[in-house]
There are 2 protein chains.
Amino acid sequence: MADTDPRPLTLRDVSEASGVSEMTVSRVLRNRGDVSEATRAKVLEAAKALGYVPNKIAGALASQRVNLVAVIIPSMRNMVFPEVMAGIASVLEDTELQPVVGITDYMPEKEERVLYEMLSWRPSGVIIAGLEHTEAAKAMMKASGIPVVEIMDIDGTPVDCAVGISHRRAGREMAKAILRAGYQKIGFLGTKMPLDHRARKRFEGFTEALAKSGVEVVDQEFYSGGSALKKGREMTQAILEREPEIDFLYYSNDMIGAGGLLYLMEQGRDIPGEIGLAGFNGVELLQGLPRQLATMDAHRAEIGRKAAQIIAARVENPDADYERIVELTPKIAYGDTLRR
Amino acid sequence: MADTDPRPLTLRDVSEASGVSEMTVSRVLRNRGDVSEATRAKVLEAAKALGYVPNKIAGALASQRVNLVAVIIPSMRNMVFPEVMAGIASVLEDTELQPVVGITDYMPEKEERVLYEMLSWRPSGVIIAGLEHTEAAKAMMKASGIPVVEIMDIDGTPVDCAVGISHRRAGREMAKAILRAGYQKIGFLGTKMPLDHRARKRFEGFTEALAKSGVEVVDQEFYSGGSALKKGREMTQAILEREPEIDFLYYSNDMIGAGGLLYLMEQGRDIPGEIGLAGFNGVELLQGLPRQLATMDAHRAEIGRKAAQIIAARVENPDADYERIVELTPKIAYGDTLRR
DNA sequence: GTGAAAGCGCTAACAA
DNA sequence: TTGTTAGCGCTTTCAC
């Protein structure tokens, strides 16, 4: 409570206040090594009375250990990433490790900068979304010498290891399900984001599988920015005005799919008879809609958990073997908007 | 590219590779002090060739400066907080400062732990949600000697300074608008979260203003967990089954309000004639609904921006004066669900 | 414009 | 069980 000096407290202050050496104070505060109950109590009391908060900067420098895991993701505005984060946090909570998040806004150069910033804090591991990075970023990750897990996508070659789903395959599977249900005039609606590689791969897998059956996407529509739900409405209206004969709409995410669904229901369209719909992600929001949109769960929480487990295991035991690619398989949820 | 030694690179390596002293290398890498173009070029080349990433831990220890701002919020699952974050990030991007986020899950003890962890990295400032903290947490913030901005709420006494809205007043204003529109049988629906102090204060302000006009809430309903949209539906159905004469529903957030709106529209109820609705927050999602839910914008991005500006200004100039409480005033958006 | 010395606050390693 | 010594990798300060 002696708050005269603005200088932050150090171990030395606690040492002096308790009459115990700095080293032993340090041991008590870290629960390391054997310390008698008596001195332990003295130290803790002094530390508490002073309001001492250890300086991790100095600790990290001395011990060459930083219990941080850099998590680098494109955005927080998309519910996908908070869910991945939750998965990561749930696993790291049982370890010494702490996640630190960096946001890239889907921009490769920003990703490179953020990565550089984070690596300069010498974290114990990196979890980063996607497999596409600048050459410099890949080089940094390789050179860092720490475990790196690339998440959400496995269509490519990871720097170190990857956990995710195959978006190409996800697109193909959905295309097959749609064709199987007998839809023929298919429209696609998505984001205007050339840098969203996972959306791009889904689209590629989708058109590829359609092509195998001699089907081509009738029309497409893209958006950027704004309320996804609203954009979903607007795009749905627009594409159907241009191509009224469309009998299926594949949305690159559930949010715009939900907007489309609300719009078509208002129009009194027969879903999934006259027109079918499907999105992607399996977001919780869908549960509150009047009808269940067909979708595919991207295993977000599971990806986060698995990635965190890999990092934690390798921090524990750097020499153990580990899987290079962990593939999870999304399953189609037919809901009420895709005939079986 | 000489990747034989797993030891991370140090300034010394760059110094040796470039034939320039460590000190001058450090100057170049930080753009500090005068360095001749020739040596600057040599250094940068060597650093790049080696793939050197500076060690901020050592830098921070030596310089006693850490360009991090601790941001402590309850959750990322609620779109409110990512929006605050976006506001903070937009301001800090133009400075040397970087936000680092900690999540409390609305738990005071977890908040205390997270705060302790973050302070142990000696950040340049703290932005923390709410005014309610454990005594220990308040003591830590006071003792830290760094600027602390408590955000989102101003009904209380900040440790240092606060930026936000008065939730009590927000509740009162909504109550007055509802009574003015002639509604009389009012129900309340919210989260089962005693620790969401802002929701609690809104409710208090709400009931207080109703009481002034001799009106009492007819019935209430609380939920926890699950899809808010779905819960909104279910709670709306439940409360109206119990109290069919209710003519207005006040929801503690827009998400459950949206669920209620979708449900009532399906039931073919006359909104806002027969029954009115209002939520809170002004979330973007609402724009995609068939009708606009009445709500109140909580100025999330603005709060984030303002808080970041205060931190940045005080890091620049620690001795300047500053406002202790910055109050923003939310305005009612009547939408289509509240008569004027 | 450049370099040498000292030390930031802590912990590893060793000694007692 | 406790203490001492020597750095961790960088920046500050001061000298050249």
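Keep in mind that the numbers below use all heavy atoms, side chains included, and drop hydrogens, waters and symmetry copies. Computed from a prediction, not measured in an experiment: that's the story for all the values here. In what follows, every chain begins at residue 1, and chains take the letters A, B, ... in the order their sequences are listed.
For A:Lys306, the NZ atom sits in a loose shell: 12 or fewer heavy atoms of surrounding residues, nucleotides or ligands are nearer than 6.0 Å. Other residues, nucleotides and ligands contribute over 12 non-hydrogen atoms within 6.0 Å of the CZ atom of A:Arg30.
If you take CH2 of B:Trp121 and P of C:dC8, they are 19 Å apart, rounded to a whole angstrom. Taking atom CG of residue A:Asp13 and atom C1' of nucleotide C:dC10, one finds them 13 Å apart after rounding to whole Å. For the pair A:Gln64 CD and D:dC8 P, the interatomic distance rounds to 8 Å; values are reported in whole Å. Between the NZ atom of A:Lys42 and the C1' atom of D:dT1 there is a distance of 12 Å, rounded to whole Å. Remark: P of C:dT11 and CZ of A:Arg32 are 9 Å apart, rounded to the nearest angstrom. Atom pair A:Lys56:NZ and C:dC8:C1' shows a separation of 19 Å (rounding to whole Å applied). The CZ atom of B:Arg12 sits 11 Å away from the P atom of C:dA4 (whole-angstrom rounding). In this structure, CG of B:Leu9 is placed 15 Å from P of D:dC8, rounded to the nearest angstrom.
Of the candidates D:dT2, C:dC10, D:dC10, the closest approach to any side-chain atom of B:Ala62 belongs to D:dC10. The side chain of B:Leu61 has C:dG9 as its nearest neighbour among D:dT2, C:dG9, D:dC10.
Among all heavy-atom pairs drawn from A:Leu131 and A:Glu150, the shortest one is CA-OE1, 3.3 Å. For the residue pair B:Ile325 and B:Gly156, the shortest heavy atom distance occurs at CD1-O, 4.4 Å.
Considering only side-chain N and O atoms, A:Thr10 lies nowhere under 4.0 angstrom from the phosphate OP1 or OP2 of C:dG9. In this structure, A:Tyr52 reaches the C:dC10 phosphate: one of its side-chain N or O atoms is under 4.0 Å from OP1 or OP2. Within the 4.0 Å cut-off from OP1 or OP2 of C:dA12, at least one side-chain nitrogen or oxygen of A:Arg30 is found.
Inter-residue side-chain proximity for B:Val126 and B:Val69 is flagged as unmet; no heavy-atom pair is nearer than 4.5 Å. Side chains of A:Pro54 and B:Tyr116 form a contact here, defined as non-hydrogen atoms less than 4.5 Å apart.
Within residues 17-25 of chain B, the residues having any heavy atom closer than 4.0 Å to DNA chain C are, in order of number, B:Val20, B:Ser21, B:Met23, B:Thr24.
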Dump the pairs, protein N or O against N or O of nucleotides 14-16 of chain C, anything under 3.5 Å, distances to one decimal.
none

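Counting non-hydrogen atoms under 4.0 angstrom, A:Arg65 reaches the backbone sugars and phosphates but no base.
Using modelled atom types, one side-chain atom of A:Ser15 and one backbone atom of A:Val20 make a donor-acceptor pair closer than 3.5 Å. In this structure a side-chain-to-backbone donor-acceptor pair under 3.5 Å is missing from A:Thr104 to A:Lys110. Judged by distance alone, with hydrogens and angles left aside, the side-chain atoms of A:Asn55 form a donor-acceptor pair with the main-chain N or O of A:Ile57 at under 3.5 Å.
Checking B:Glu112 against B:His133 by side-chain atom types alone, no donor-acceptor pair falls below 3.5 Å.
Toward the 5′ end of DNA chain C lies the nearest nucleotide of B:Asp34, the other residue of the pair B:Ser63 and B:Asp34 mapping further downstream.
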